[in-house]
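Below: one structure, written as structure tokens.
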Protein chains: 2
Amino acid sequence: MKARSERPDSVLRARLAGTGHRLTKQRLRIVEAFANQRRYVSARQLHARLRAQTNNIGLATVYRTLETLRELGLVTTSQHDGETLYLFCAPAHHHHAVCTHCGRVDDVPCRAVARFERMLSTGLRFRLMQHQMEFYGLCARCA
Amino acid sequence: MKARSERPDSVLRARLAGTGHRLTKQRLRIVEAFANQRRYVSARQLHARLRAQTNNIGLATVYRTLETLRELGLVTTSQHDGETLYLFCAPAHHHHAVCTHCGRVDDVPCRAVARFERMLSTGLRFRLMQHQMEFYGLCARCA
DNA sequence: CTGAGTGCAAACCGTTTGCAGGCTC
DNA sequence: GAGCCTGCAAACGGTTTGCACTCAG
């Protein structure tokens, strides 16, 4: 929620180096371009934004970088209209409240998941291994 | 949960006629092919299954029919690996427990959603309009 | 008999991949 | 320097669309 906005490049460098990856100008620019916005973006949107800046970045590089970041746990994806949307977010937390008006994405505290889990295992006799939830509505600002 | 397995064609005919659609052999065959299985299938899988039967059905027809059924509220979709998966299911219930072993899909009773909603509106000050959840694990049979 | 529905093939579009050259480590 | 990374363009794969024909109402 806060640690990420400090020093994109040092954080990123450490994370990449630890996994045998390199810190390139392109990767840095891509991360800067969407690290601090709490919203889902498509690869094409990101590419368009970067293209507007300075010299060129290939669309394929955007895709490859996003996939790398996803492997590193820095990015979550979501599908929408046959398009993959990417969100720079804290690892291992997959409940998001998406504002349908401004697009802002907030993390959802999910204590209630444990309750769900109990209900499933007793009621349905279903052993929950993984869940995926997405919430849409209006954030505090837009309500 | 049960009404659908009775008479696919009469139910379907009524639903289609009421919305200005026609009951064709193809639509009937498509519905029969997956109405009673509680699992997500892709258009291609469905098409392959139908092709194995008797005379041909075009893949495009499968897509168009699935889209029509979705508009009628008889089918829910989910994305997986860039593919759209379709589930014949009760309208207006969007919480499913998917068995990762056998693929069976059960409805999830979701009383707890109200609790979530309350938490979101007070804690995050987020006005929940829509939510989408999917649960993966092992069903009673496979556990 | 009219037009919604169909089969086929081509078009579409988001994503991936092959390859020659570049730049990080 | 070695080889990971990049840009470009072509390939890929799921889905949609145009068109002439068919058949349900």
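Letters A, B, ... mirror the listed sequences (proteins, then strands); counts begin at 1.
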Under-4.0 Å side-chain N/O to phosphate OP1/OP2 contact, B:N56 with C:dC8: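 The answer is yes; a side-chain N or O of B:N56 sits under 4.0 Å from OP1 or OP2.
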A:T84 side chain near C:dT15 phosphate (N/O to OP1/OP2, under 4.0 Å):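 Answer is yes, contact under 4.0 Å.
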Interatomic distance where [atom1] belongs to [X] and [atom2] belongs to [N] [whole Å]:
{"X": "B:H47", "N": "D:dT16", "atom1": "NE2", "atom2": "P", "value": "15 Å"}
{"X": "B:E67", "N": "D:dT17", "atom1": "CD", "atom2": "P", "value": "10 Å"}
{"X": "A:Y63", "N": "D:dT6", "atom1": "OH", "atom2": "C1'", "value": "17 Å"}
{"X": "B:R29", "N": "C:dG5", "atom1": "CZ", "atom2": "C1'", "value": "14 Å"}
{"X": "A:I57", "N": "D:dC8", "atom1": "CD1", "atom2": "P", "value": "11 Å"}
{"X": "A:L28", "N": "C:dC23", "atom1": "CG", "atom2": "P", "value": "16 Å"}
{"X": "B:H80", "N": "C:dG14", "atom1": "NE2", "atom2": "C1'", "value": "18 Å"}
{"X": "A:L12", "N": "C:dT24", "atom1": "CG", "atom2": "C1'", "value": "14 Å"}

Toward the 5' end of DNA chain C, by each residue's nearest nucleotide, A:H21 or A:L59: A:L59
5' precedence on DNA chain C between A:Q79 and B:R27 (nearest-nucleotide basis): B:R27
Between [X] and [Y], which heavy-atom pair has the shortest distance, and what is it?
{"X": "B:R27", "Y": "B:R22", "value": "NH1-O, 2.7 Å"}
{"X": "B:M129", "Y": "A:L138", "value": "CG-N, 4.3 Å"}
{"X": "A:C99", "Y": "A:C139", "value": "SG-N, 3.3 Å"}

Between [options], which one does the side chain of [X] approach most closely?
{"X": "A:Q26", "options": "C:dA9, D:dT6, D:dT15", "value": "D:dT6"}
{"X": "A:R22", "options": "C:dT16, D:dA2, D:dT15", "value": "D:dA2"}
{"X": "B:T61", "options": "C:dG14, D:dC4, C:dG7", "value": "C:dG7"}
{"X": "A:R44", "options": "D:dC4, D:dT15, C:dG14", "value": "C:dG14"}
{"X": "B:T24", "options": "D:dC4, C:dG5, D:dT6", "value": "C:dG5"}

Side-chain-base donor-acceptor pair under 3.5 Å for A:R64 and D:dG7: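 A donor-acceptor contact between them is present.
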A:Y40 versus A:H96, side-chain donor and acceptor atoms under 3.5 Å: yes
Position toward the 5' end of DNA chain D (nearest nucleotide), B:K25 or B:A60: B:A60
Heavy atoms from other residues, nucleotides or ligands near CZ of A:R127 exceed 12 (cutoff 6.0 Å): no
